[in-house]
Asker: 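Okay, here's the structure, questions in a sec.
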Amino acid sequence: MRAGETLAFAARSLAAHPARTALTMLAVAIGAGAVLMLSALGEGARRYVVREFAALGTNLLIVLPGRSETAGATPGLFVGMTPRELTLEDALALLRSPHVRRVAPVVVGSAPVSRGGREREATVLGSTAELVRVRHWRLARGRNLPEGDPRRAQAVCLLGATVARELFGADPPLGQWVRIGDRRFRVIGVLAPQGFALGVKVDEMVVVPVASAQALFDTSGLFRALVEARSREAIAAARRDVLATLRERHRGEEDVTVVTQDAVLAAFDRILRALTYALAALAGISLSVAGILIMNIMLISVAGRRAEIGLLKALGATPALIARLFVAEAGVLAAAGGLAGIGIGLGAVELAARLYPLFPFAAPWWSAPAALGVALAGGIGFGVLPARRAARLDPVAALASR
Amino acid sequence: MIRLEGIERVYRVGGQLVRALAGVDLEIAAGEYVSVMGPSGSGKSTLLHILGLLDRPTAGRYLLDGRDVTGLDEAEQARLRRETIGFVFQFFHLVPRLSALENVELPMQIAGLPPAERRPRAEAALAAVGLAERARHRPDQLSGGQRQRVAIARATVMRPRLILADEPTGNLDRASGREVVELLERLHRERGMTLVVVTHDPELGERARRRLHMRDGRILEGTQA
Ligand SMILES: Nc1ncnc2c1ncn2[C@@H]1O[C@H](COP(=O)(O)OP(=O)(O)O)[C@@H](O)[C@H]1O
Ligand SMILES: [Mg+2]
């Protein structure tokens, strides 16, 4: 019998039992759909994290005061002092490295921000114009912080989108004065809505010159410094230079921590990829359950069609052909169920993406072929036993059963 | 065409040995019309199954067209069945989900003939049994006599040289049984097919030129007309 006809014959015998065929296909479809949905969830988590990290900036190094290794206590800690702070001068010195393109010093504090009768508590960032560039923020209106000597305090500020809306409503905020803590600042720019970046709500922040923030919060140290390397390849060299410069400036002590976004990102990427495969594999197990169901249905089918099998043999069908017919049935069940499941899965992923637009659900490219492949392999694998049973039937005995 | 030498077929039922065929020697020439009669359990069906390569003898030799087919493997036997033998059963054995035409096409499909060739041959075979109008009907939309005629069309569509019919009228009323037998005889006459009909209806058996009587797994005598 020709291949196409074998499949057609198989499909017709399945169609003769619509209820059990549909149920078996449903089981396969659920398994295949689960592979798709769970891998889309894992892939979504991976993309989410990657996107969030990318939103921090590109080729970014984060310089934090203090050593992250706590095992050997630094001498500073030993005598009951906090480790040497990271100063604005330290940050500016980092620009000496040819591998560093930008440095944005960061001071962070929290203060009430008010205008007229409206007031809200906001995170206040002290930095330079470089912050907006390093973090790839966009300005909705106005201009960035002034260039020039960052050591000079200036009474100007940028407002996050939410802060601007809450303080000004429909009024134009540019050129207006706001009160931050006990000082007054003129609004020179408003940030475009940025959404989330690793949990930091950019829209609810206010940005002021670093020196102004230091005065406001009465601090001389930096919370951290953001360093942008010239390229991806330059990240390692930039890191070396940053550490060397600061060690030199801190009298030979290595008392800062440099986190490269790349390393963190790569680690997350690896972990979340593995998680995605694990989720897909778990869902694949449900397909093996569907495979067992297929085997069951096929065994019932063989038992119920003994007379037909005997007839086919009498008409000259070889055992191999009989086996092929039944394997084809299992294959058609698995393929149809698998394809339906992929359809359902893709639909569900699409729906989830609509319902949760912030979370980047996406079925990875391999998930559909993997789901179909596992469904087919399972279906055919579990179809072999019933098919062989059919092929081995004694034709006389088979014909006698009605 | 057919030569059986000392054919035995022994079943083991529990501890008992049942000799369904107890040493059968038989020769059937090409183009013969042979009826096989005998009481129930005398081994008629077993003989037919051996002749049709559906069953293997416990002992003895089967020569088909001079070739020893006793030891052929299943696939080779299947090929021989497909090309040389057509079966007609008491219970028709049509595939219920297929139309009359598709049932008739089935042996050609199994043989791997191209669809373009199958269709006209199946239609011609149905026409030859007077069922051209019923081609699209499914078996459950046909009467018993019509079903058996579809089965005969199916058995003959590959132009086998040997037709084996096991009680082909056993499930039919007298009139349609008669039609079926006349149809088989006509095909035998017109196409020179060798025809072996098992029956326990003496009136039917008498119609064959050569009659075999069986008892306890043996052929008692052949009556030549
Ligand atoms: N599968 C079987 N197992 C055991 N005994 C069988 C089997 N098939 C047939 N027989 C026995 O073989 C004998 C001949 O059977 P069969 O050829 O069907 O007779 P007939 O067709 O003449 O009625 C009977 O005694 C029957 O019981
Ligand atoms: Mg019988």
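Chain A is the first sequence line, chain B the second, and so forth, proteins listed ahead of strands; every chain is numbered from 1.
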Asker: Are side-chain heavy atoms of B:M108 and B:E117 found at a separation under 4.5 Å?
Answerer: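 B:M108 vs B:E117: side chains apart.
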Asker: Heavy atoms only: give me the nearest B:F89-A:A314 pair and the separation to one decimal.
Answerer: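 Scanning both residues, the minimum pair turns out to be CZ-CB, 3.9 Å.
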Asker: Is it the side chain or the backbone of B:P96 that comes within 4.5 Å of chain A heavy atoms, both, or neither?
Answerer: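 No part of it gets close to chain A.
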Asker: Should B:R79 and B:E76 count as an ion pair when the cut-off is N to O under 4.0 Å?
Answerer: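 Salt bridge absent between B:R79 and B:E76.
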Asker: Does the side chain of B:T199 come under 3.5 Å of the side chain of B:D201 through a donor N or O and an acceptor N or O?
Answerer: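 B:T199 vs B:D201: no donor-acceptor pair found between side chains.
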Asker: Please identify each residue that fulfils ring-ring contact (aromatic ring centres under 6.0 Å, His included) with B:F92, with sequence neighbours left out.
Answerer: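 B:F92: no ring-ring contact (aromatic ring centres under 6.0 Å, His included) contacts found.
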Asker: List the steps and the verdict of salt bridge (Lys or Arg N to Asp or Glu O under 4.0 Å) for B:E102 and B:R136.
Answerer: CA-CA 8 Å; B:E102 288 164 334; B:R136 310 272 155 218; over 6 Å; no
Asker: Just give me the residue among B:R118, B:E83, B:M158 that pairs up with chain A most often, heavy atom to heavy atom, under 4.5 Å.
Answerer: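 The option with the most such pairs is B:R118.
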Asker: Between A:A320, A:A397, A:A317, which residue shows the highest count of heavy-atom pairs closer than 4.5 Å to chain B?
Answerer: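 Of A:A320, A:A397, A:A317, A:A317 has the most heavy-atom pairs under 4.5 Å with chain B.
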Asker: Would you call B:R154-B:E105 a salt bridge at under 4.0 Å N-O?
Answerer: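 So B:R154 does not pair with B:E105 through a salt bridge.
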Asker: Measure distances from B:L113 to the heavy atoms of chain A and classify the residue's part below 4.5 Å as side chain, backbone, both or neither.
Answerer: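 Looking at B:L113, just its backbone touches chain A.
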Asker: Quick check: under 4.5 Å, non-hydrogen atoms only, which of residues 373-393 of chain A neighbour chain B?
Answerer: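 Counting heavy atoms that sit under 4.5 Å from chain B, no residue of residues 373-393 of chain A is involved.
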Asker: Mind checking which of residues 6-21 of chain A sit less than 4.5 Å from chain B, heavy atom to heavy atom?
Answerer: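 Within residues 6-21 of chain A, the residues that come under 4.5 Å of chain B (heavy atoms only) are A:F9, A:R12, A:S13, A:A16.
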Asker: Using non-hydrogen atoms and a 4.5 Å limit, figure out which bit of B:Q77 sits close to chain A: side chain, backbone, both or neither.
Answerer: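 It is neither, since no heavy atom gets under 4.5 Å.
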Asker: Does this structure show an ion pair linking B:R67 with B:D65, if we count only N-O contacts that are shorter than 4.0 Å?
Answerer: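 Salt bridge absent between B:R67 and B:D65.
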Asker: Is it true that the NZ or CZ of B:R9 lies under 6.0 Å from the centre of B:Y11's six-membered ring and within 45 degrees of the ring axis?
Answerer: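 Positive - B:R9 is close enough to the ring of B:Y11 and near enough to its axis.
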Asker: Where does A:L325 contact chain B at under 4.5 Å (heavy atoms): side chain, backbone, both or neither?
Answerer: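 For A:L325, there is no contact with chain B at all, as no heavy atom is under 4.5 Å.
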Asker: Return each pair, listed once, that meets ring-ring contact (aromatic ring centres under 6.0 Å, His included) where at least one residue sits in residues 264-310 of chain A; pairs must be two or more places apart or across chains.
Answerer: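 Qualifying pairs: A:F53-A:F268, A:Y277-A:W366.
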Asker: Check for a donor-acceptor pair, side chain of B:T169 on one end and backbone N or O of B:L172 on the other, with a separation under 3.5 Å.
Answerer: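 Side chain of B:T169 to backbone of B:L172: no pair is present.
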Asker: So do B:L98 and B:L94 actually touch side chain to side chain, heavy atoms under 4.5 Å?
Answerer: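 Answer no - side chains too far apart.
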